[in-house]
Amino acid sequence: MTVKTRFAPSPTGMLHIGGARTALFSWLYARHFGGEFVLRIEDTDKERSTDEATQVILDGLSWLGLDWDGEPIYQGARQDLHIAAVKKMLTHGKAYKCYCSAEELENMREKQRIAGKNTMYDGTCRHLDPNDTSTKDVPYVVRFCSPEEGETWVKDMVLGDVCFPNEEIDDLIILRSDGSPTYNLAVVVDDADMGITHVVRGSDHLNNTPRQIQLYQALDLDVPQFAHIPLIHGADGAKMSKRHGSVAITEYREKGYLPHAMNNYLARLGWSHGDDEVFSRQQLIEFFNLDNVGKGAARFDQDKLDWLNAHWIKSSDAKDLVAEVSYFLALDTSQGPALVDVIPTLQERSKNLIELADGARFFYVAPSEYQEKAVKKNFKEDTWGLLDAFIAKAEAEVWSGQAAHQWIEDICTASGVNMGKLAQPIRILIAGVPVSPPIDITLALLGKEETLTRLQAGIKTLKS
RNA sequence: GUCCCCAUCGUCUAGUCGGCCUAGGACACCGCCCUUUCACGGCGGCAACACCGGUUCGAAUCCGGUUGGGGAUGCCA
């Protein structure tokens, strides 16, 4: 049997970290077995679904490289199928019309709460005579006839076997009074119809599962394998949801994260492969399985994500970073050194692409001001003489980064001071701040002309 | 309230049918080294089996209970 998984988000909120990880696990499972991974947008809640949220789902998954097979499927377009299933159950006596109003239901629940009982539908309409015409003009919903006795077992690939007493499960609504199908019915019909073999989803769906299993059985459909993966909690320990503490996954792209760093981080949140922390995309696909997914919820840890991002930035080919960096740089770089040459000097000192772009900026824009604190610390009485000596050397000799480094060393040695006494002032004058890649590399990239121009302009400014 | 799930360092986790665990790795944190800056890197340190019973020669690993956390309880998905 070929594995077929799906990711079925509802576009009622932004796709966040938790949803992205569910998608990743589902995708990895399918790819690991060479199966299929499909995307199904569950837009049956027309009130809350938005095109914007749908777009974030599509963009987010694309950004992460979680490619889905075929076109995305919109659940709303499959209503006929769902309604047909409801009709079938109705005619087979596996569902019934319920005329209870929202108020009646609320009163019923209130009483149950006070009595300390499980709040569930009491089955008032379950035994009504279907031929009774007195209810003809009253709006109704359709409820599923849930078994009243026995138990329903969920065989979960992550959690193991979980038992639900049937008496705890009430008759759920499968068709709303406006004639639209509800979630539990739609998922079952769609998963079965699409041939989904493994349903990988968040464990917040575990409680729905016994109901869905009953629905599969009532419709005489094959029950898929289930894998409920633990939720991701926010820093406060509570569920991270579209309504609580979540950040749209696309935000991470704007914050300078690499999609693969994101995948690597998300994969390790709940899943492990021995002591390994760093995985390439291929390794993820090769090693991933549901057996090594833990049962406990995990917390989102920004520091570790940052560390992985830094790691993958360091490990990237500079040419693969050019487009992204230039996006964050938002500058015309044609007059300065090639970005592809600048990037390698910054890779090991950037934990995200914004930092990298910020570090590259001075190569293209001369400083308009000099960090006060740095100037105060690095410019002393003898600094001017050292700088003059350096400029004189630069004007007289053949320029190269290596040569410049040598001049600095020679000048400092001759004056009996360490290299920082001259290298730091130069850095501040050309970059505006006391931080840059190694001085020889920086100067080589910046070039003789630009370096001397900035040095002289800076000296003039600081002396006045 | 009721049902369901979970429980190893601050965080992510290793621990696969009990002994090799005086509990390993990673992030973070703290030292030291490297170093012209910022970083990278290297070395070292701090730090956990929630609690109580039981089974066993032996339990982080099995069983029961307690506590704690989470999820669900919708004509949302």
Side-chain angles (χ1 to χ4, degrees), chain A residues 8-13 42-45 47-49 75 98 100 102 105 109 112-120 139-143 154 156 159-160 162-165 168-170 172-178 180 182-184 186-187 201-210 228 230-231 233 235 237-239 242 265 268-278 291-292 294-308 310 314 346-351 359 374 378 405 408-409 412 418-424 426-428 431 433-440 442:
Chain A
S10 69
T12 54
E42 310 227 315
D43 56 351
T44 50
D45 183 351
E47 296 284 300
R48 284 185 285 230
S49 294
Q75 193 165 55
C98 169
C100 295
L105 256 26
R109 289 192 193 106
Q112 290 168 332
R113 264 190 288 271
I114 291 167
K117 289 188 173 173
N118 195 354
T119 54
M120 50 192 279
Y140 65 88
V141 297
V142 176
R143 286 184 186 270
V154 176
D156 194 89
L159 298 171
V162 184
C163 177
F164 292 85
E168 297 292 338
I169 300 170
D170 66 357
L172 83 158
I173 294 171
I174 52 180
L175 195 74
R176 299 188 186 91
S177 52
D178 68 356
S180 66
T182 59
Y183 165 73
N184 281 295
V187 209
R201 70 204 340 180
S203 63
D204 50 339
H205 285 284
L206 181 62
N207 293 282
N208 289 323
T209 311
H228 289 94
L231 302 177
H233 289 166
K239 176 186 179 184
K242 45 199 170 193
Y265 175 71
R268 279 289 291 109
L269 222 47
W271 171 79
S272 62
H273 182 262
D275 285 338
D276 299 343
E277 296 287 350
V278 175
D291 302 331
N292 291 305
K295 296 179 179 182
R299 289 189 193 210
F300 178 73
D301 181 17
Q302 185 73 43
D303 286 328
K304 188 136 184 194
L305 204 212
D306 284 343
W307 174 74
L308 273 167
K314 281 194 282 274
L346 267 1
Q347 279 172 278
E348 69 187 28
R349 55 198 94 229
S350 309
K351 66 174 189 286
N378 293 288
H405 183 276
I408 293 171
E409 203 176 312
C412 290
N418 65 41
M419 273 185 72
K421 287 285 185 290
L422 176 52
Q424 283 306 86
I426 290 176
R427 213 186 298 270
I428 292 163
V433 292
V435 176
S436 87
I439 200 73
D440 49 343
T442 302

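Chain naming here is simple, since letters A, B, ... match the order of the sequence lines and numbering starts at 1 in each.
Only the C1' atoms considered, B:C46 is 15 Å distant from B:C27, to the nearest whole Å. Spacing of P atoms, B:U61 relative to B:G54, comes out at 14 Å, to the nearest Å. Look at the P atom in both B:U11 and B:A48: the space between them is 12 Å, to the nearest Å. Comparing the P positions of B:A26 and B:G44 gives a spacing of 10 Å, expressed to the nearest Å. Using atom P as the reference point in both B:U66 and B:G24, the two lie 33 Å apart (nearest Å). Comparing B:U8 with B:A50, their C1' atoms are spaced 10 Å from each other, to the whole Å. Distance check on atom P: B:C57 versus B:G69 gives 38 Å, rounded to whole Å. A distance of about 12 Å separates the P atoms of B:A7 and B:C63, rounded to the whole Å.
Residue contacts for A:Pro437: at a heavy-atom cut-off of 4.0 Å it reaches a base atom on one of the strands shown. Within the 4.0 angstrom heavy-atom criterion, no nucleotide atom of any strand lies near A:Pro230. In this structure, A:Arg113 reaches neither bases nor backbone, as no heavy-atom distance under 4.0 Å exists between it and the strands shown. Counting non-hydrogen atoms under 4.0 angstrom, A:Ile428 reaches nothing in the nucleic acid. Note on A:Glu277: a base of the nucleic acid sits closer than 4.0 angstrom, heavy atoms only. In this structure, A:His233 reaches the sugar-phosphate backbone alone: every heavy-atom distance under 4.0 Å involves primed, P, OP1 or OP2 atoms, never a base. If you check every strand for non-hydrogen atoms under 4.0 Å, A:Val141 touches a base. Among the atoms of the strands shown, none is found under 4.0 Å from any heavy atom of A:Gly294. Using a 4.0 Å heavy-atom distance criterion, A:Leu269 is classed as a sugar-phosphate-only contact. Using a 4.0 Å heavy-atom cutoff across all strands shown, A:Lys314 reaches sugar-phosphate atoms only and no base atom. Among the atoms of the strands shown, none is found under 4.0 Å from any heavy atom of A:Ser180. Using a 4.0 Å heavy-atom cutoff across all strands shown, A:Asp303 reaches sugar-phosphate atoms only and no base atom. Backbone-only contact: A:Cys163 has heavy atoms under 4.0 Å from sugar-phosphate atoms and none from a base.
Nearest to the side chain of A:Phe164, among B:A39, B:G24, B:C4, sits B:C4. The side chain of A:Tyr183 lies closest to B:A77, out of B:G74, B:A77, B:U36. Of the candidates B:U2, B:C4, B:C12, the closest approach to any side-chain atom of A:Asn118 belongs to B:U2. Closest to the side chain of A:Arg299, out of B:C12, B:U36, B:C76, is B:C12. Which of B:A26, B:A77, B:U36 sits closest to the side chain of A:Ser10 comes down to B:A77. Distance from the side chain of A:Asn207 is smallest to B:A72 among B:A72, B:A77, B:G25. Of the candidates B:C76, B:C75, B:C12, B:C75 carries the atom nearest the A:Ile173 side chain, counting heavy atoms from C-beta on.
Judged by Watson-Crick or G-U wobble contacts below 3.5 Å, the nucleotide B:C62 has B:G54 as its partner. If you check B:C20 for Watson-Crick or wobble pairing at under 3.5 angstrom, you find it has no partner at all. Nucleotide B:C46 has no partner under the Watson-Crick or G-U criteria, as no pair reaches both atom distances under 3.5 Å. When both pairing distances are held under 3.5 Å, B:A7 makes a Watson-Crick or G-U pair with B:U67. Both distances falling under 3.5 Å, in either a Watson-Crick or a G-U wobble arrangement, occur for no nucleotide opposite B:U37. Remark: B:C76 base-pairs with no nucleotide in the shown strands. Criterion, Watson-Crick or G-U wobble with two distances under 3.5 Å.
Around NZ of A:Lys314, the count of heavy atoms belonging to other residues, nucleotides or ligands within 6.0 Å exceeds 12.
Residue A:Ser177 places a side-chain atom within donor-acceptor reach of the base of B:C75, judged by atom type and a 3.5 Å distance cut-off alone. Between the side chain of A:Asn208 and the base of B:A77, a donor-acceptor pair under 3.5 Å is found. Not a single donor-acceptor pair, N or O on each side, falls under 3.5 Å between the base of B:C40 and the side chain of A:Arg349.
Pairing each heavy atom of A:Cys412 with each of A:Asn418, the nearest pair is SG-O, 3.6 Å. Residues A:His233 and A:Ala297 come closest through the heavy atom pair CE1-CB, 3.5 Å. The two residues A:Arg427 and A:Pro434 have their closest heavy-atom pair at CD-O, 3.3 Å. A:His405 and A:Met419 make their closest contact through NE2-CE, 3.6 Å (heavy atoms, listed as atom of the first residue, atom of the second, distance). When all heavy atoms are compared, the tightest approach of A:Asp43 to A:Ser49 is CA-OG, 3.6 Å.
Atom NZ of A:Lys421 and atom P of B:U37 are 11 Å apart (whole Å). The CG-P distance, from A:Asp301 to B:C29, rounds to 11 Å in whole Å. Atom OH in A:Tyr265 sits roughly 17 Å away from atom P in B:A26 (whole-Å rounding). Separating the CZ atom of A:Arg176 from the P atom of B:G74 is a distance of 14 Å, rounded to the nearest angstrom. Between the CH2 atom of A:Trp307 and the P atom of B:G41 there is a distance of 9 Å, given to the nearest Å. Rounding to whole angstrom units, CE of residue A:Met120 and P of B:A72 are separated by 19 Å. Atom CZ of A:Phe300 is separated from atom C1' of B:G10 by 16 Å (rounded to the nearest Å). A:Ile169 places its CD1 atom 18 Å from the P atom of B:U2, with the value rounded to the nearest Å.
For the pair A:Asn292 and A:His273, the minimum side-chain heavy-atom distance is 4.5 Å or more. At a threshold of 4.5 Å between non-hydrogen side-chain atoms, the residues A:Thr209 and A:Phe164 do not count as touching. Side-chain contact check for A:Thr44 versus A:Thr182: every heavy-atom pair is 4.5 Å or farther apart. Using a 4.5 Å cut-off on side-chain heavy atoms (C-beta onward), A:Tyr265 and A:Asp306 make no contact.
In this structure, the salt bridge (charged side-chain N to carboxylate O under 4.0 Å, His left out) partners of A:Asp45, at least two apart in sequence or on a different chain, are A:Arg48.
Distances shown here put a side-chain N or O of A:Lys295 below 4.0 Å from the OP1 or OP2 atom of B:C6. Taking side-chain N and O atoms only, A:Ser203 has no distance below 4.0 Å to OP1 or OP2 of B:C4. Between A:Arg109 and B:G74 there is a side-chain polar atom (N or O) within less than 4.0 angstrom of OP1 or OP2.
Comparing A:Gln75 and A:Asp170 along RNA chain B, the residue whose closest nucleotide (by nearest heavy atom) sits nearer the 5' end is A:Asp170. Along RNA chain B, the nucleotide closest to A:Gln112 and the one closest to A:Arg268 are compared, and the more 5′ of them pairs with A:Gln112.
Between A:Tyr183 and A:His205, the ring-plane angle classifies as tilted under the 30° and 60° cut-offs.
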Identify each atom pair where a protein N or O and an N or O of nucleotides 15-21 of chain B are less than 3.5 Å apart, giving names and distance.
none

